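As structure tokens, the structure follows; a few thoughts come after it.
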Amino acid sequence: MTGGEVAGILVAVFWAILVSFLAVALARLAQTLKATTKLVADVTEQAVPLLSDASATVRSAQTQLDRVDAIAADVQEVTSNASALSTTVASTFGGPLVKVAAFGYGVRRAVAGRKGDATGDSQRMPQKAPRRTVIVGRAVPAARRGKRNDRNARD
């Protein structure tokens, strides 16, 4: 055998090994593609019912949101009506009620003043012992306490 024949045999063996490796790789690639195809088919079978369920759920949620919107609109209308009613009641009865309360307070003060005159007291209201007022750890001076008590007595 000559050197050219040996080189030809080596090249042929090399190509045979290379073709064998490529054949094995292609066979494995074919198996992977079959498995991927089966997986996609299974996912499709399971995804279609899930998508229909999700669609039904979204429709139901939309219906509920429409109901909540209607309720919120009704609550807003009730709130505005209650506000208008409150304003009407306050303007209608507020002034007269304040006047009646002021009149009652004046009558009580007048009756209390007359009771003091009937018993022979020279003062209208009996004076209480001065209280000591504490503000943040300090006592208010007696002069300020006296002014406050005088103001309360005049009212």
Side-chain angles (χ1 to χ4, degrees), residues 1-109 111-112 125 128-155:
M1 265 207 221
T2 62
E5 291 176 348
V6 173
I9 292 176
L10 285 176
V11 169
V13 170
F14 173 75
W15 278 106
I17 293 173
L18 180 64
V19 168
S20 298
F21 281 129
L22 288 175
V24 170
L26 286 175
R28 289 192 180 175
L29 181 62
Q31 289 176 353
T32 304
L33 286 175
K34 284 181 184 178
T36 304
T37 304
K38 185 178 183 238
L39 179 67
V40 168
D42 290 345
V43 167
T44 302
E45 287 177 12
Q46 293 177 2
V48 170
L50 287 175
L51 288 175
S52 65
D53 288 346
S55 177
T57 302
V58 168
R59 273 190 241 110
S60 173
Q62 181 62 38
T63 303
Q64 295 298 326
L65 284 175
D66 291 341
R67 289 179 184 169
V68 168
D69 285 342
I71 290 170
D74 292 343
V75 167
Q76 185 177 8
E77 184 179 341
V78 167
T79 301
S80 64
N81 289 343
S83 176
L85 179 64
S86 172
T87 303
T88 303
V89 168
S91 65
T92 303
F93 296 114
L97 286 177
V98 169
K99 290 177 183 177
V100 168
F103 178 74
Y105 178 73
V107 168
R108 277 187 285 145
R109 292 288 297 218
V111 169
M125 302 280 293
K128 294 181 181 178
R131 286 182 21 203
R132 200 173 160 105
T133 306
V134 177
I135 298 174
V136 189
R138 295 187 343 197
V140 175
R144 286 181 62 194
R145 278 197 316 261
K147 287 180 185 176
R148 186 176 299 141
N149 288 339
D150 290 343
R151 223 179 299 137
N152 290 340
R154 279 187 265 144
D155 290 343

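Side chains included, hydrogens not; waters and symmetry mates left out as well; all remaining heavy atoms used. The shown structure was predicted, so the numbers you read here are calculated from the model rather than taken from an experiment.
Counted by atom type alone, Arg59 and Thr63 present zero donor-acceptor pairs between their side chains at under 3.5 Å. Defined by atom type and a distance below 3.5 Å, a donor-acceptor pair is missing between the side-chain atoms of Gln46 and Asp42.
Taking CG of Leu85 as the start and OG of Ser80 as the end, the distance is 11.5 Å to the nearest 0.5 Å. In this structure, CD in Gln31 is found 10.0 Å from CG in Leu29, a value given to the nearest 0.5 Å. Here the CD1 atom belonging to Ile17 is positioned 12.0 Å from the CG atom belonging to Leu22, to the nearest 0.5 angstrom. Atom-to-atom distance recorded for Lys34:NZ and Thr37:OG1 is 9.5 Å, nearest 0.5 angstrom.
Considering Val75, Asp69, Asp74 as possible partners of Ile71, the one that fulfils the side chain to side chain contact (heavy atoms under 4.5 Å, CB included) test is Val75.
The closest donor-acceptor contact from the side chain of Ser20 to the backbone of Ala16 lies under 3.5 Å. Between the side chain of Ser83 and the backbone N or O of Thr79 there is no donor-acceptor pair closer than 3.5 Å. Thr32 places a side-chain N or O within 3.5 Å of a backbone atom of Arg28 that can act as its donor or acceptor partner. When atom types are taken as modelled, the side chain of Ser91 and the backbone of Thr88 share a donor-acceptor pair closer than 3.5 angstrom.
Remark: Gln76 CD is loosely packed, at most 12 non-hydrogen atoms of other residues, nucleotides or ligands lying under 6.0 Å away.
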